[in-house]
Amino acid sequence: MSNPASDDGRPLLVGVDIGGTKIAVLVVDRHGEVRAREVAPTAVGPQDQAAGAVAVVVERALSSAGAATEEVSAIGVGVPGRVDPLTGTVTLAVNLGWSDLPLGEQLEARLGRPCVLENDVRAAVLGLHQRHVASGLDDLAYVAVGTGVSAGVILRGQLHRGARGLAGEIGHVIAQPDGPLCSCGERGCLEALVAGPAIARQAHEAVASGEVTALSTVAEPTAVDVYQAVIGGDPVATRIADNVGRRLAWAIHLLVMTYDIERVVLGGGVSHAGAAFLEPIQRELDRIRRTSALAREQLAPGIVELLPAGADAGAWGAVTIAALGRAGAGAGAGHGRREVGHVPES
């Protein structure tokens, strides 16, 4: 990872990962050592309060690091949805309810340091690639399964955003036409079937219908409860997890067949269930391999990798975009700013 902290003499980079249920912040020094990590386990809130909510967590993290904002070279921010990295504007974040929010500009005004914004999952995959976490591969995808579902894709060593900046939004591919309503307005999207809230909804429906399950002992079962029940052998939880794993395997198959990538890395809050999360995915991928010679060629054993629960892919991705964005190239830098994840023209 290139290091702009040495470009302007300021020793620190800050990475901010904004999710549907939490804000995570890393403060990292010029050697890549973590000086502080701060997590606010609450949603970021309405867009008119977003900059203030994020700034509070950043300031708390800097305080924990014993540092001041003046020591920060740049701040990277990963946000779900469509982000314009050149202007620092969040143009569409369905799960957060944000639209046309100049978050980068607002954060710069509040914190006084350059801010670089990118979609959270695309920032994460860029971080995995730049930091060689994914074995230095140049064609890979990162699939995050948490409050939402999305993929970030690296092709030939470059971040792929797509023509409208929405490449990898597999969470809004229709997987069941008559399925539940998705936050995007469509029915049966992958996200509405396999994301954390979707898993919780299925658990609640099973309990409400009177099915015999350990989940009935939990007042408001979550995805975490479902996977804990899977480990305990609960048949209802196992059925839910199997359905989630099957659909995620189809999404992985789709990504591999579309992009011919070398690796699919899985992360996000739901993936922290570990083997209980991964095993149903692998079983369905094995079934696909047995059925199709083409799939056997494309879906090589080991093509799926599960990040450990403490990997902080989103926050490290935000640190990476802060580094690549360069000091002084924040949201207000206009045409002089280099687009993160792309090689500048010579």
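For the pair Leu13 and Val72, the minimum side-chain heavy-atom distance is 4.5 Å or more. The shortest distance between side-chain heavy atoms of Ile252 and Leu266 falls below 4.5 Å. No side-chain heavy atom of Val173 sits less than 4.5 Å from a side-chain heavy atom of Cys189. For the pair Asp17 and Asp120, the minimum side-chain heavy-atom distance is below 4.5 Å. The shortest distance between side-chain heavy atoms of Arg246 and Glu284 falls below 4.5 Å. Within the 4.5 Å cutoff, no side-chain heavy atoms of Thr238 are placed close to those of Val236. By the 4.5 Å heavy-atom criterion applied to side chains, Val79 and Ile18 are counted as neighbours. Taking 4.5 Å as the limit, every side-chain heavy atom of Val244 sits out of range of all side-chain heavy atoms of Val145.
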(request) Give the C-alpha distance, both sets of side-chain angles, the deciding distance and a yes or no for side chain to side chain contact (heavy atoms under 4.5 Å, CB included) between Leu107 and Val54. (result) CA-CA 8 Å; Leu107 284 174; Val54 172; 3.9 Å; yes
(request) Begin with the C-alpha distance, continue with both residues' side-chain angles, and end with the deciding distance and a verdict on side chain to side chain contact (heavy atoms under 4.5 Å, CB included) for Gln298 and Asp260. (result) CA-CA 7 Å; Gln298 293 287 79; Asp260 194 17; 3.3 Å; yes
(message) Would Glu305 and Arg263 count as a salt bridge (charged side-chain N to carboxylate O under 4.0 Å, His left out) here? Give the steps.
(response) CA-CA 7 Å; Glu305 176 181 341; Arg263 185 76 48 82; 2.8 Å; yes
(request) Begin from the C-alpha positions of Val304 and Leu306 and carry the test side chain to side chain contact (heavy atoms under 4.5 Å, CB included) through to its verdict. (result) CA-CA 7 Å; Val304 174; Leu306 183 66; over 6 Å; no
(request) Assess whether side chain to side chain contact (heavy atoms under 4.5 Å, CB included) is satisfied between Val77 and Val116, documenting all intermediate values. (result) CA-CA 6 Å; Val77 184; Val116 184; over 6 Å; no
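Here the OG atom belonging to Ser150 is positioned 7.5 Å from the NE2 atom belonging to His172, to the nearest 0.5 angstrom. Expressed to the nearest 0.5 Å, how far CG of Asp286 lies from OG1 of Thr291 amounts to 10.5 Å. Expressed to the nearest 0.5 Å, how far CD1 of Ile321 lies from CG of Leu117 amounts to 6.5 Å. Note that CG of Asp242 and CD of Glu279 are 10.0 Å apart. Values are rounded to the nearest 0.5 Å. Taken to the nearest 0.5 Å, the CG atom of Asn243 stands 11.0 Å off from the CG atom of Leu248. Between the CD atom in Gln47 and the CD atom in Gln49 there is a gap of 10.5 Å [rounded to 0.5 Å].
A distance-only check finds a donor-acceptor pair linking the side chain of Asp29 to the backbone of Gly32 [under 3.5 Å]. Side-chain N or O atoms of Arg296 include one that pairs as donor or acceptor with a backbone N or O of Arg289 at under 3.5 Å. Between the side chain of Glu297 and the backbone N or O of Ala293 there is no donor-acceptor pair closer than 3.5 Å.
Within the structure, no pair that satisfies the ring pair (Phe, Tyr, Trp, His ring centres under 6.0 Å) test touches residues 220-257, not counting sequence neighbours. Applying the side chain to side chain donor-acceptor pair (under 3.5 Å) test to pairs two or more places apart or on separate chains, those with a residue in residues 206-215 are Glu211-Arg239, Thr213-Asp234. Residue pairs satisfying the ring pair (Phe, Tyr, Trp, His ring centres under 6.0 Å) criterion with at least one member in residues 254-276, sequence neighbours excluded, are listed as follows: His160-Tyr259. Among residues at least two apart or in separate chains, salt bridge (Lys or Arg N to Asp or Glu O under 4.0 Å) pairs with a member in residues 59-69 are Glu38-Arg60, Glu59-Arg110. Within the structure, salt bridge (Lys or Arg N to Asp or Glu O under 4.0 Å) contacts touching residues 162-189 (residues at least two apart or in different chains) are Arg122-Glu169.
When every heavy atom of Ala67 is checked against every heavy atom of Leu12, the shortest pair comes out as CB-CD1, 3.5 Å. Listed here is the closest heavy atom pair of Tyr142 and Ala313: OH-CB, 3.8 Å. When all heavy atoms of Ala175 and Leu193 are compared, the pair lying nearest together is CB-CD1, 3.8 Å. Of all non-hydrogen atoms in Ala200 and Thr222, the two that sit nearest each other are CB-CA, 4.0 Å. Shown here for Ala141 and Leu255, the closest heavy-atom pair between the two residues is CB-CD1, 4.3 Å. The nearest pair of heavy atoms linking Ala198 to Ala192 is CB-O, 3.2 Å.
The residue from Arg156, His129, Gln158 that alone fulfils the side-chain hydrogen bond (donor to acceptor under 3.5 Å, both in side chains) condition with Asp138 is His129.
At a threshold of 4.5 Å between side-chain heavy atoms, the hydrophobic network of Ile, Leu, Val, Met, Phe, Trp and Tyr places Ile154 and Ile261 in two separate groups. Val125 and Val149 end up in different hydrophobic clusters when Ile, Leu, Val, Met, Phe, Trp and Tyr side chains are linked at under 4.5 Å. Tracing side-chain contacts under 4.5 Å through hydrophobic residues (I, L, V, M, F, W, Y), one reaches Ile303 starting from Leu155; they form part of the same cluster. In terms of hydrophobic clustering, with Ile, Leu, Val, Met, Phe, Trp and Tyr side chains grouped at heavy-atom distances under 4.5 Å, Val265 and Ile170 are assigned to different clusters. The hydrophobic clustering, which links ILVMFWY residues whose side-chain heavy atoms are closer than 4.5 Å, places Val83 and Val153 apart.
Shown here are the salt bridge (charged side-chain N to carboxylate O under 4.0 Å, His left out) partners of Arg247, two or more places apart in sequence or in another chain: there are none.
At a cut-off of 3.5 Å, with distance as the only test, a side-chain donor of Thr87 or Thr89 sits close to an acceptor on the other residue. Inspection of the Thr69 and Arg113 side chains reveals no N or O donor paired with an N or O acceptor under 3.5 Å.
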